[in-house]
Amino acid sequence: MRAFWKEHWGGDFVVVHGTIYKPEELQGFIALDMVEWVGLVTYTFAGGECEIVSLDSLQAGQGIGSRLIDSVAGEARKAGCQRVFLITTNDNLEALGFYQKRGFELVEVDRGAVDRSRKIKPGIPLIGMHGIPLRDEIELEMALELPAQ
Ligand SMILES: CC(C)(COP(=O)(O)OP(=O)(O)OC[C@H]1O[C@@H](n2cnc3c(N)ncnc32)[C@H](O)[C@@H]1OP(=O)(O)O)[C@@H](O)C(=O)NCCC(=O)NCCS
């Protein structure tokens, strides 16, 4: 996981909403093509909520990202969480579309949050996807229906 994050997230830790997450602190699901890793989702539980920390699919448009999200939502329901939430960044237009199509709703924008994270992780680029300045965090959430008692 450390090597996967180094390749895809520019280091062996991620900084979200000012929190440093290390692979060994998280749970996750791996999508495999035979023995090759083609997807990874990591998540954590805190305060009765489930946070998705990272999601990567290396084979776009084959349902890997959707299935990884479903797997986390299933675990969150089992754990009795009322919501799954995640942070993405203002430049990640694909992720904003992807999550909203899968039932996530926008919660809030934390202006300048990525600029603050960059002080902890200087490798975070100044310019993100599509040439968009990378500076804000956007929280999305999916409310979960709890199983009937
Ligand atoms: C965002 C991301 C996780 C999506 O992963 P993915 O595996 O491509 O996701 P899916 O295949 O489930 O869905 C992508 C599209 O393919 C379509 N699709 C899914 N299965 C399909 C199939 N069998 N045939 C054709 N299309 C299919 C989906 O309908 C979806 O389109 P839509 O969003 O317009 O509905 C991926 O692009 C990624 O890793 N991005 C980089 C990292 C990142 O930004 N992570 C999120 C921020 S935390």
Side-chain angles (χ1 to χ4, degrees), residues 1-47 49-77 79 81 83-144:
M1 232 178 100
R2 217 168 265 126
F4 189 97
W5 268 14
K6 272 189 186 164
E7 190 174 341
H8 299 283
W9 291 98
D12 62 0
F13 66 97
V14 297
V15 187
V16 199
H17 50 70
T19 306
I20 297 174
Y21 287 106
K22 297 179 183 160
E24 59 269 25
E25 297 163 349
L26 302 171
Q27 303 183 59
F29 287 98
I30 303 160
L32 292 173
D33 181 357
M34 305 298 278
V35 294
E36 194 185 336
W37 288 33
V38 293
L40 172 70
V41 65
T42 62
Y43 62 98
T44 185
F45 295 122
E49 301 184 327
C50 176
E51 177 176 8
I52 292 178
V53 175
S54 72
L55 173 67
D56 290 283
S57 163
L58 305 187
Q59 294 180 356
Q62 294 183 23
I64 292 170
S66 303
R67 288 187 61 189
L68 289 171
I69 293 278
D70 289 347
S71 300
V72 175
E75 292 302 305
R77 271 193 197 91
C81 296
R83 70 170 192 145
V84 177
F85 75 101
L86 59 91
I87 303 291
T88 191
T89 48
N90 63 294
D91 63 321
N92 201 340
L93 308 182
E94 287 78 14
L96 285 167
F98 171 83
Y99 288 123
Q100 289 183 81
K101 284 184 177 180
R102 275 147 197 88
F104 285 80
E105 293 178 32
L106 298 172
V107 178
E108 68 177 12
V109 176
D110 187 353
R111 295 177 69 184
V114 182
D115 294 328
R116 295 193 294 278
S117 295
R118 201 176 283 110
K119 293 188 176 126
I120 304 171
K121 190 176 178 184
I124 298 173
L126 287 165
I127 303 296
M129 298 178 203
H130 312 285
I132 299 173
L134 175 50
R135 50 187 166 216
D136 311 314
E137 289 186 347
I138 299 173
E139 181 180 332
L140 295 103
E141 72 172 12
M142 176 168 58
L144 296 178

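Start at 1 and go down the list; that is how both ligands and their atoms are numbered.
Between Met129 and ligand 1, no pair of N/O atoms sits closer than 3.5 Å. Considering backbone and side-chain atoms alike, Lys101 places an N or O below 3.5 Å from some N or O of ligand 1.
Checking Ser54 against Trp5 by side-chain atom types alone, a donor-acceptor pair falls below 3.5 Å.
If you check each of Leu55, Val38, Ile52 against atom 42 (C) of ligand 1, the one with the closest non-hydrogen atom is Leu55. Around atom 7 (O) of ligand 1, the closest heavy atom drawn from Gly39, Ser57, Ser54 belongs to Ser57. Of the candidates Gly97, Ser66, Gly61, Gly65, Gly61 brings a heavy atom nearest to atom 8 (O) of ligand 1.
For atom 37 (O) of ligand 1, the nearest protein heavy atom is 4.0 Å or more away. In this structure, atom 30 (C) of ligand 1 has a protein heavy-atom contact shorter than 4.0 Å. Proximity of atom 40 (N) of ligand 1 to the protein is not indicated, since no non-hydrogen protein atom lies closer than 4.0 angstrom.
Residues Ser71 and Val41 have side chains not in contact (no heavy-atom distance under 4.5 Å, counting atoms from C-beta outward). Counting heavy atoms from C-beta outward, Asn90 and Arg111 have side chains that stay 4.5 Å or more apart. The side-chain heavy atoms of His17 and Glu139, taken from C-beta on, include no pair separated by under 4.5 Å.
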Quick one: side chains of residues 21-36, donor-acceptor pairs under 3.5 Å with protein atoms, not counting sequence neighbours, listed by atom name and distance.
{"from": "Tyr21", "atom 1": "OH", "to": "Glu51", "atom 2": "OE1", "distance (Å)": "2.8"}
{"from": "Glu24", "atom 1": "OE1", "to": "Arg2", "atom 2": "NH2", "distance (Å)": "2.9"}
{"from": "Glu25", "atom 1": "OE1", "to": "Lys22", "atom 2": "N", "distance (Å)": "3.1"}

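Atom numbering of ligand 1 starts at 1 in the shown order; those under 4.0 Å from a heavy atom of Ile64 are 7 (O), 11 (O), 12 (O). Less than 4.0 angstrom separates some heavy atom of Ala60 from each of these atoms of ligand 1: 8 (O). Distances below 4.0 Å separate heavy atoms of Asp56 from the following atoms of ligand 1: 39 (O), 42 (C).
Side-chain atoms of Lys121 come within 3.5 Å of backbone atoms of Phe13 as a donor-acceptor pair (strictly under, hydrogens ignored). Without hydrogens or angle criteria, Asp56 side chain to Gly39 main chain gives no donor-acceptor distance under 3.5 Å.
Below 30°, between 30° and 60°, or above 60°: for His8 and Phe4 the angle between ring planes is between 30° and 60°, a tilted geometry.
Ligand 1 has Arg102 within reach: a non-hydrogen atom of the residue lies less than 4.0 Å from it.
For Asn92, every heavy-atom contact with ligand 1 shorter than 4.0 Å involves the side chain, none the backbone. The part of Gln62 lying near ligand 1 is the backbone, judged by heavy-atom distances below 4.0 Å.
Here the OG1-CD1 distance, from Thr88 to Ile52, works out to 11.0 Å after rounding to the nearest 0.5 Å.
Residue, atom and distance of the protein heavy atom nearest to atom 48 (S) of ligand 1 are Tyr99 OH, 3.6 Å. Atom 11 (O) of ligand 1 has as its closest protein heavy atom Gly63 N, 2.7 Å. In terms of protein heavy-atom proximity, atom 9 (O) of ligand 1 is closest to Phe98 CE1, 3.3 Å.
Using a 4.0 Å cut-off between a side-chain N of Lys or Arg and a carboxylate O of Asp or Glu, Arg118 and Asp115 qualify as a salt bridge.
Applying the ring pair (Phe, Tyr, Trp, His ring centres under 6.0 Å) test to residues at least two apart or on different chains, the pairs with a partner in residues 104-128 are Tyr99-Phe104.
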